[in-house]
Amino acid sequence: MAAPSVGVLSLRLFVLAGFVTLYPRTLAATLPNIVVLFADDLGYGDLEIYGHPTSSSPNINELALGGLRFTQFYSTSPVCSPSRASLLTGRYQTRSGIWPGVLVPDCTGGLPSNETTIAELLKKQGYTTSIVGKWHLGVGTNNEHLPLNHGFDSYFGVPYSHDMCPCRTCFYPNDTCYNDCDPQYSNCPLFQNSTLVEQPVDLLTLDERYSQHATSWIAEKATQNAPFFLYLAFQHTHHPQYASKQFRNSTLRGMFGDSLAALDWTVGQVMKQLQDSGIMDNTFVFFTSDNGPSLRNENRGGNAGLLKCGKGTTYEGGMRVPGIAHWPGHIKPGRTTELASIMDLYPTIANLVGATMPNVTIDGIDMAPILFSDTPKSRRESFFYYFTFPDPNVGVYAVRYKQYKAHFYTQGEGNSDAKNHDPDCRPSAKLTRHDPPLLYDLHVDPSEQFALNTTEYQDIVKKTTQLYNEINANMEWGASQLANHDTPSEPCCNKGCTPFPECCHCGKDGRLIGNKYSSKVNRLK
């Protein structure tokens, strides 16, 4: 289905079984607010609405029951920095240089300034923009990679995963974090815009503060009668799980369940604010996750449900994630089995508001025919799976075409656990080339247990091989942003202090806490 032309008062009318939907384009008074809720390491099988028997997520349940729930929705990577780049740019992460792996605190690189984010598109249409939560697309030597340099008007959050620093207290009142974190880096920083305001961040109050920033910002913007874009990127449910007094021991599912309950509460607070501000019916909300579940944490980790393996791998458990679209009066509640990806949000939102996309390759495909049509049908027929550590000499590991998935390469990964019951998931499962590819019909075998006889599916093998060759031949690999490291570039509220990194320790006002380190603070020459 071709995208309609943009006119001054151009509207798209869909009739959904008597359910009238207007698809606003450029009329400022009707431009919808946009809210993207982005969970971290939340697996396909982790949510109550996706079948987990002991998870408690009533607010996400309500969101799903009032919206459209995707069953074949994909992240572009089995780890977080690359998938976040794809979400914000509509492009495979290999194009923007967010490979291989993820950005760590001493990386000097980040999302390149020549990439046009969804926030930048929306600002040109008169939107105000904000991010609350985990950024994980770089900080830089002089904060040049933080969100305010990528189209966001405001930022409040931790710029990377909260395990990329020393672990302290994670559970109320003073319980440990139950994880090996990264003590070689400076304490986890909390930024407000481009200012470091707290280090280490207090995890036990972080959920309340994220919620307060998001809801107060929504309330303020709602009174201004102008459209807004909120990108709320949760720390949950990435390890180490954490929970405040409100959520500690609040669920049957233990530590992970408590972490999920906190995430769910924040979703509920945001949705309540939209309702209280009277703008729910003019707000497009999308909830999803950056990648599949971390299985290496075992009983404290996530769950991929019936899918094979988890985070780090290109099996379904690593990259198929929950996806929920919500817009009362515009998106008909229900379930869809149509194929879509996080990078499809970019052209969907751009076309929704009449924005002109940049003159670069956009890998995303407008989801409007799924969201707004009376006969939902995805325009996406294919999808490509890149491993955690992509290699230009190897290219994509797997290709999906319609319901078929062809594995040209397979490999296990540590995030899917060295003791996984399935040896294919373990890091000991080395890179293996498959010729002909391993072929599965995901409509009948989403668990990838029973490979098809390729001699009986020659047309599918030919087509997936064609797609595999085309994407590898045409992919323009951006220079890796993860290659350069510089310890002094790590966020530190007392730049130049010693002993580093322990001396990077300050409160919400940027001052040293007490005098624990004051006698040791010396500025480096």
Side-chain angles (χ1 to χ4, degrees), residues 31-40 57-60 62-63 66 88 117-119 122-123 125-136 146-159 162 188-199 201-236 242-247 259 261-287 326-328 349 507-510:
L31 285 174
N33 306 305
I34 311 291
V35 176
V36 174
L37 304 170
F38 207 44
D40 196 345
S57 48
N59 294 296
I60 298 174
E62 185 175 350
L63 183 74
L88 291 178
T117 69
I118 197 166
L122 290 170
K123 278 183 69 67
Q125 301 304 112
Y127 280 71
T128 53
T129 59
S130 181
I131 170 176
V132 175
K134 177 180 172 181
W135 170 240
H136 214 172
L146 285 175
L148 267 61
N149 296 307
H150 289 286
F152 289 96
D153 296 315
S154 65
Y155 172 48
F156 183 77
V158 178
H162 56 281
C188 270
L190 178 68
F191 278 85
Q192 181 150 13
N193 296 328
S194 296
T195 301
L196 203 168
V197 295
E198 182 176 298
Q199 194 175 22
V201 63
D202 180 2
L203 294 176
L204 299 191
T205 62
L206 190 59
D207 293 325
E208 184 177 351
R209 287 184 284 171
Y210 276 1
S211 174
Q212 192 275 330
H213 271 77
T215 56
S216 62
W217 190 81
I218 289 171
E220 176 188 345
K221 299 309 169 186
T223 65
Q224 296 174 357
N225 197 29
F228 64 78
F229 169 49
L230 173 64
Y231 173 36
L232 177 50
F234 301 93
Q235 305 293 137
H236 295 298
Y242 63 92
S244 65
K245 181 178 181 180
Q246 181 178 356
F247 301 106
S259 176
L263 183 158
D264 180 78
W265 173 80
T266 307
V267 170
Q269 294 298 108
V270 168
M271 298 305 290
K272 181 179 184 297
Q273 186 62 61
L274 293 174
Q275 187 67 51
D276 291 348
S277 294
I279 57 174
M280 178 78 83
D281 291 347
N282 193 40
T283 303
F284 171 67
V285 178
F286 203 96
F287 175 92
H326 184 277
W327 189 4
I349 293 171
K508 295 178 183 179
D509 59 358

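Side chains are part of it too, since the values below use all heavy atoms of this structure and drop only hydrogens, waters and symmetry mates.
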Legend entry - Asp202: side-chain contact (heavy atoms from CB on, under 4.5 Å) partners, not counting sequence neighbours: Glu198, Leu204, Thr205, Arg209
Legend entry - Exam field: side chain Asn59 to backbone Val267, donor-acceptor pair closer than 3.5 Å: no
Legend entry - Closest approach of Ala214 to Val270 (non-hydrogen atoms, all atoms of both residues): CB-CG2, 4.3 Å
Inset, instruction - Kindly write out the residues that satisfy salt bridge (charged side-chain N to carboxylate O under 4.0 Å, His left out) with Asp207, not counting sequence neighbours, or none if the list is empty. - result: none
Inset, instruction - Considering non-hydrogen atoms only, spot the tightest contact between Ser154 and Trp217 and give its length. - result: OG-NE1, 3.9 Å
Legend entry - From Lys272 atom NZ to Met280 atom CE, the distance as rounded to the nearest 0.5 Å: 10.5 Å
Inset, instruction - Over all heavy atoms of both residues, which pair between Gln269 and Thr215 is shortest? Give the atoms and the distance, please. - result: O-CG2, 3.6 Å
Table please: side-chain donor-acceptor pairs of residues 188-197 below 3.5 Å, with sequence neighbours left out.
residue: Asn193; atom: OD1; partner: Tyr155; partner atom: N; Å: 3.1

Inset, instruction - Over 60° means perpendicular and under 30° means parallel, so classify the ring planes of Phe284 and Phe286, tilted if in between. - result: tilted
Inset, instruction - Of all the heavy-atom pairs spanning Trp135 and Leu88, show the shortest one and how long it is. - result: CZ3-CD1, 3.7 Å
Legend entry - Contact summary for Ala39 and Leu263, nearest pair of heavy atoms: CB-CD1, 3.8 Å
Legend entry - Under 3.5 Å donor-acceptor, Thr117 side chain and His150 backbone: yes
Legend entry - Inter-residue atom distance Thr223.OG1 - Lys221.NZ, 0.5 Å rounding: 8.0 Å
Inset, instruction - Using modelled atom types only, decide if a donor and an acceptor are shared between the side chain of Thr129 and the backbone of Ala119 within a distance under 3.5 Å. - result: no
Inset, instruction - Determine the minimum heavy-atom distance between Asp281 and Pro328, stating which atoms define it. - result: OD1-CB, 3.3 Å
